[in-house]
Amino acid sequence: MAKYPFSEIETKWQKFWDDNKTFRATEDPSFPVEKRKYVLDMFPYPSGAGLHVGHPEGYTATDIYCRYLRMKGFNVLHPMGYDSFGLPAENYAIKTGTHPKTTTEANIEHFTKQIKSLGFSYDWDREICTHSEDYYHWTQWIFLKLYEQGLAYESDKPINWCPSCLTGLANEEVKEGRCERCDAQVEQKNIRQWVLKITEYAEKLLEDLDTLDWPESVKSMQRNWIGKSVGADVVFTTETGDELKVYTTRPDTLFGATYMVISPEHPLVDKLTSAEQKKAVEDYCYQAKLKSDLERTDLAKDKTGVFSGTCAVNPVNDKKIPIWVADYVLISYGTGAIMAVPAHDTRDWEFAKQFELPIIEVLKGGDVDREAFTEDGPHVNSGFLDGLGKQEGIDAMIAWLSEKGVGEKAVNYKLRDWIFSRQRYWGEPMPLVHCEKCGVVPLPESELPLVLPPTTSFEPSGTGESPLAKLTDWLETTCPSCGGPAKRETNTMPQWAGSCWYYLRYLDAKNPREFVGRDKEDYWMPVDLYVGGAEHAVLHLLYSRFWHKVLFDIGAVKDREPFQRLINQGMITSFAYQRANKSLVPTDEVTEVEPGKYTANDTGEPVEQVIAKMSKSLKNVINPDDIIRDFGADSMRLYEMFMGPLQVSKPWQTNGLLGVNRFLNRVWDVAEREISDAEPSDELKKVLHKTIKKVSADTDALEFNTAISQMMIFINEVYKEEKCLRRLWEPFVLLIAPYAPHLGEEMWRMLGKTESLAYEAWPAWDEALCVDDEKEVVVQINGKLRSRLLVAAGTGKDELLSLAMKDEKIIPQLEGKTIVEEIVVPDKLVNIVVR
RNA sequence: GCGAGAGUGGUGGAAUUGGUAGACACGCUAGUCUUAGGAACUAGUGCCUUCGGCGUAAGGGUUCAAGUCCCUUCUCUCGCACCA
């Protein structure tokens with residue numbers, strides 16, 4: 001059988017869709033609200049490497065869904081764009097001197113070509129890129145809104161600093177504590193930064209998760225990240241007369257507090273340190289500063305700490321307890337100080353054992369000499385709490401503390417404010433100036449966009465500031481408020497900024513007056529389906545939600561949440577081969593000696609097939625361009641969907657691709673046969689209607705793999721016919737069209753149609769034709785399968801039972817046995833229980 | 001350690017409310033066609049030694065009936081990492 005001419009067909013239809021703007025979406029008021037769908041893909045960063053096989057997976061899934069929805073009469077918004085600010089282009093610029101804009105735009109062109117070669121039904125008129133002035137104009141505008149709301153503030157925050165490159169590094173540029181480029185030891189350096197008060201929205205971000213149709217794993221990750229805990233703040237008084245506030249989730253254990261710990265960065269460290277301990281404490285704090293975050297948070301290490309020389313008074317019993325300085329207490333959480341209850345907290349217990357501090361049991365139930373007891377039990381040694389359980393104890397203690405004015409109920413979040421500045425060139429400039437007289441002054445909206453100034457020097461400034469600090473003409477400006485001399489802010493925004501709100505700009509991509517027109521936002525929002533990789537489960541999705549909530553609070557958008565339904569596509573992995581010592585062997589260096597058995601070519605030792613991420617070194621990277629060239633976009637799309645459920649990760653097997661390609665060749669083979677208007681057989685009609693039903697249900701549920709296997713079943717039957725039966729073929733072509741759109745359009749033409757099928761009505765099925773006339777009913781004895789009966793569908797229970805009893809395989813089974821029970825499930829089975 | 005999810009043939013994966021385990025595809029085996037192609041078509045293909053038995057990570061339980069429900073254990077993937 002000849003290969004079908006996919007290359008010709010695909011080029012032809014891609015041009016047709018482009019020329020005719022087939023997929024342009026408009027805000028047509030005749031569609032009722034429930035017939036409008038906004039289906040969104042996470043937009044890509046246009047890297048120099050081009051499209052990866054992972055990209056088309058999610059994009060194909062949403063494309064199939066969108067094409068299906070259009071045929072079902074929905075008005076569908078399906079846009080695409082680029083997250084085009086970012087580090088790689090800037091690093092490339094430093095190396096080669098090529099402006100990041102040049103690199104980025106060349107990459108975008110390449111990406112667009114690749115994406116179009118897959119035949120996706122995007123409305124390209126709405127394309128956006130975050131680095132264009134028209135776009136970041138409004139990113140800056142939203143930043144001004146955040147600033148106006150008091151949600152942006154300056155603060156000294158640490159960055160990863162490379163003392164050799166004299167520049168700040170992103171986390172991904174730090175490899176094992178060293179600079180990725182020059183291998184120098186990376187330090188932490190405090191610099192002035194802009195920070196967004198996302199913590200103010202912690203509660204809303206947490207609460208509204210419950211309203212979202214998102215994977216439980218993502219919601220759980222976000223809950224975890226926000227990390228809400230409820231407890232109490234308790235104020236201790238120190239010997240120096242200072243108040244030392246601690247946060248605890250277990251105020252009920254206050255009688256068991258035998259010492260306190262403050263973090264080495266705590267503001268009271270100096271004051272609380274006695275003269276005798278001064279040297280020891282200073283040394284300890286210095287050592288702590290040298291440690292990387294990783295070393296400090298390594299759970300396996302022993303606890304370290306040093307006594308400050310000062311005591312505090314426990315407010316419940318006026319006992320004096322020592323204050324220690326230790327790095328197991330984090331300055332960034334709670335108040336940076338804790339009361340230590342070694343009997344009932346594992347960390348405190350370890351610390352107390354290490355430094356031989358007293359352990360007092362205040363809840364019964366464990367053996368606190370052996371380990372910390374963290375479960376519930378009756379209180380002891382606890383004055384007015386004695387006899388109470390954990391929760392009662394907590395409530396009673398909070399009431400007591402409040403009454404005495406030494407504490408109160410408190411809520412804490414792990415979530416920290418969002419460091420929003422980068423010391424980089426290739427990002428949105430912040431629309432702020434620093435005036436000697438007026439301080440920080442925001443630019444008036446009329447001066448937006450604040451354009452990124454041209455330059456040829458992308459080298460870091462050497463001071464930790466962005467390269468913008470070197471551009472004096474741009475830097476020196478006048479204050480919008482007093483007209484006096486002022487300097488522009490040199491920090492730029494992080495890559496997250498542009499991706500925080502891009503879904504809104506698609507709605508009204510060319511609006512020069514507003515970030516989005518209210519009518520457009522009303523028409524489409526919220527996003528009905530958002531598909532992308534799980535790597536954005538926390539940051540991008542949390543930041544977007546935060547911005548959206550701020551925009552909601554200032555009345556700029558109508559919804560509390562931007563993304564109603566979220567799906568993470570699984571990763572496309574690859575096979576690799578593993579030696580007994582766990583080292584991996586590249587794919588092209590093994591031989592399959594028998595099914596499932598592989599040996600390494602060099603040593604001949606047996607190797608095991610394992611699943612690994614695609615990587616150049618394992619020689620298992622698949623380039624989508626090669627696949628499209630050799631098998632066509634429709635095969636590529638179909639295979640990626642046939643591999644397995646969208647949400648799970650699955651290994652690429654080119655042989656599997658061959659299978660779907662073979663299937664499309666068979667489809668083409670049928671399409672080329674003489675068209676006949678004859679009535680198909682009842683059997684074929686049944687297969688067709690079952691196929692319509694299954695493909696409809698599965699496409700609706702995004703279960704594309706099973707929809708495709710049903711279409712294969714259909715073709716396996718129809719293939720046996722001599723002619724192409726129009727009554728079967730027309731509905732089938734419509735069914736396969738969202739999956740293999742080029743082939744679909746071409747076959748539609750072959751059926752004599754003159755219009756694109758993109759807006760043809762989706763086929764309907766006849767339920768009566770979806771049920772079998774005959775059913776195979778199994779007969780079990782004591783749950784074990786003994787015989788099968790072929791009966792008319794809907795045969796009654798009594799008749800099924802009597803048929804089973806008369807069955808020649810069953811009769812001997814019943815001899816000499818007593819029938820205890822008979823279970824009959826019509827159309828399914830008969831189970832006879834005997835003794 | 002905590003949180004989330006997953007373990008089904010040689011491989012990717014199917015299995016409404018518990019009701020025929022292995023759909024569909026890959027691979028493999030045999031056959032057909034003067035046939036060299038990533039051919040195509042037809043048939044077979046969970047495992048075991050035949051009657052028959054055994055099979056959904058392992059063990060136990062509920063049930064007439066368990067891949068599916070419950071308990072215990074193990075393994076793997078992802079996320080977080082002393083969060084007081």
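- Of the N and O atoms on the side chains of A:Tyr739 and A:Thr60, not one donor lies less than 3.5 Å from an acceptor on the other residue.
- If you look at A:Tyr639 and A:Phe631, their ring centroids are not closer than 6.0 Å.
- Taking atom P in both B:U49 and B:U16, one finds a spacing of 33 Å when rounded to whole Å.
- The closest side-chain donor-acceptor pair between A:Asp348 and A:Tyr328 falls under 3.5 angstrom.
- For B:A25, neither phosphate oxygen OP1 nor OP2 lies less than 4.0 angstrom from any side-chain nitrogen or oxygen of A:Arg662.
- Straight-line distance between the P atoms of B:U72 and B:C24: roughly 39 Å, to the nearest whole Å.
- Taking atom CE of residue A:Met571 and atom P of nucleotide B:G5, one finds them 19 Å apart after rounding to whole Å.
- Listed candidates were B:G38, B:C64, B:C24. Nearest to the side chain of A:Lys3 is B:G38.
- One can place CG of A:Asn661 at 11 Å from P of B:C26, the figure rounded to the nearest angstrom.
- Comparing B:A4, B:A21, B:G12 by their closest approach to the side chain of A:Leu785 singles out B:A21.
- The CD-C1' distance, from A:Gln647 to B:A14, rounds to 15 Å in whole Å.
- A:Ser229 and A:Asn412 share no donor-acceptor pair across their side chains, judged by distance under 3.5 Å alone.
- The separation of B:U34 from B:U29, taken at their P atoms, amounts to 23 Å, rounded to a whole angstrom.
- Remark: A:Arg673 is positioned above the aromatic ring of A:Tyr719, its terminal NZ or CZ atom under 6.0 angstrom from the ring centre and at most 45 degrees off the axis.
- Side-chain N/O atoms of A:Lys303 and base N/O atoms of B:C82 include a donor-acceptor pair closer than 3.5 Å.
- In this structure B:G44 sits in a base pair with B:C28, meeting the Watson-Crick or G-U test at under 3.5 Å.
- Nucleotide B:C24 holds its P atom 15 Å from the CD1 atom of A:Ile708, rounded to whole Å.
- Partner assigned to B:U63 is none, using Watson-Crick or G-U wobble distances below 3.5 angstrom.
- With a cut-off of 3.5 Å on both Watson-Crick or G-U wobble distances, the partner of B:U16 is given as none.
- Base orientation at B:G9 is syn, since its O4'-C1' glycosidic dihedral falls within 90° of 0.
- In terms of position along RNA chain B, the nucleotide closest to A:Thr654 lies nearer the 5' end than the nucleotide closest to the other residue of the pair A:Gly336 and A:Thr654.
- Contacts of A:Glu776 with the nucleic acid, taken as non-hydrogen atoms under 4.0 Å apart, include base atoms.
- Using a 4.0 Å heavy-atom distance criterion, A:Phe642 is classed as a base contact.
- The phosphate of B:A14 (OP1 or OP2) has a side-chain N or O of A:Asn705 nearer than 4.0 angstrom.
- Distances from the side chain of A:Pro651 to the nucleotides B:G19, B:A84, B:G12 place B:G12 closest.
- Side-chain atoms of A:Pro645 lie closest to B:G13 of the nucleotides B:G13, B:G79, B:G19.
- At a threshold of 4.0 angstrom between heavy atoms, the contacts of A:Arg223 with the nucleic acid are absent.
- Taking the P atoms as reference points, B:C26 lies 44 Å from B:U63, given to the whole Å.
- Aromatic ring centres of A:Phe642 and A:Phe704 lie farther apart than the 6.0 Å criterion allows.
- Here A:Pro215 lies out of heavy-atom contact (under 4.0 Å) with every strand.
- Residue contacts for A:Ser709: at a heavy-atom cut-off of 4.0 Å it reaches a base atom on one of the strands shown.
- Among B:U11, B:A84, B:A15, the nucleotide with an atom closest to any side-chain atom of A:Phe575 is B:U11.
- Residue A:Phe631 is in base contact, counting any heavy-atom pair closer than 4.0 Å across all strands shown.
- Looking at the side chain of A:Tyr247, the nearest of the listed nucleotides B:A84, B:C82, B:C41 is B:A84.
- The 5' end of RNA chain B is approached more closely, in terms of each residue's nearest nucleotide, by A:Ser220 than by the other of A:Gly227 and A:Ser220.
- Remark: B:C51 base-pairs with no nucleotide; criterion is Watson-Crick or G-U wobble with both hydrogen-bond distances under 3.5 Å.
- One can place NZ of A:Lys828 at 13 Å from C1' of B:A21, the figure rounded to the nearest angstrom.
- Nucleic acid contact class of A:Ser649 (heavy atoms, under 4.0 Å, all strands): sugar-phosphate only.
- Separating the C1' atom of B:G67 from that of B:U8 is a span of 7 Å, rounded to the nearest Å.
- For A:Met221 and B:C2, the CE to C1' distance is 14 Å, given to the nearest whole Å.
- Judged by Watson-Crick or G-U wobble contacts below 3.5 Å, the nucleotide B:A6 has B:U75 as its partner.
- Across all strands shown, A:Lys414 has heavy atoms under 4.0 Å from base atoms, whether or not it also approaches the sugar-phosphate.
- Among the protein residues, A:Asn716 comes within range of the sugar-phosphate backbone only, with heavy atoms under 4.0 Å from sugar or phosphate atoms but none that close to a base.
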Q: Give the intermediate values and the outcome of salt bridge (Lys or Arg N to Asp or Glu O under 4.0 Å) for residues A:Glu640 and A:Arg637.
A: CA-CA 5 Å; A:Glu640 289 213 1; A:Arg637 292 168 57 110; over 6 Å; no
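- Checking B:C64, B:C80, B:C54 against the side-chain heavy atoms of A:Trp225 singles out B:C80 as nearest.
- Comparing B:C24, B:G3, B:A84 by their closest approach to the side chain of A:Thr249 singles out B:A84.
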Q. Run the salt bridge (Lys or Arg N to Asp or Glu O under 4.0 Å) check on A:Glu57 and A:Lys650 step by step: do they pass?
A. CA-CA 11 Å; A:Glu57 191 193 7; A:Lys650 40 216 174 266; 2.5 Å; yes
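- A:Tyr413 does not carry A:Lys228 over the face of its six-membered ring by the limits of under 6.0 Å from the centre and within 45° of the normal.
- Residue contacts shown for A:Leu829 include a base, since a base heavy atom lies under 4.0 Å away.
- Aromatic ring centres of A:Phe6 and A:Trp668: separated by at least 6.0 Å.
- Separation of the P atoms belonging to B:C28 and B:U77 is 30 Å when rounded to the nearest angstrom.
- Atom name P, nucleotides B:G59 and B:U68: the rounded distance is 13 Å, in whole Å.
- Comparing B:U73 with B:A4, their P atoms are spaced 16 Å from each other, to the whole Å.
- Across all strands shown, B:C80 pairs with B:G1; the Watson-Crick or G-U wobble distances both stay below 3.5 Å.
- Applying the Watson-Crick and G-U wobble criteria (two distances, each under 3.5 Å), B:U35 pairs with nothing in any strand.
- Counting non-hydrogen atoms under 4.0 angstrom, A:Asn655 reaches the backbone sugars and phosphates but no base.
- The CZ atom of A:Arg416 sits 11 Å away from the C1' atom of B:A81 (whole-angstrom rounding).
- Summarising the geometry, the separation between CG on A:Asp345 and P on B:A84 is reported as 9 Å, rounded to the nearest angstrom.
- Phosphate contact (OP1/OP2 of B:G53, side-chain N/O of A:Arg786, threshold under 4.0 Å): present.
- Searching all strands for a Watson-Crick or G-U wobble partner of B:U56 with both distances below 3.5 Å returns nothing.
- Each of B:G13, B:A14, B:C82 was ranked by its minimum atom distance to the side chain of A:Thr706; first place goes to B:A14.
- Heavy atoms of A:Ser229 sit under 4.0 angstrom from primed sugar atoms or phosphate atoms, though from no base atom.
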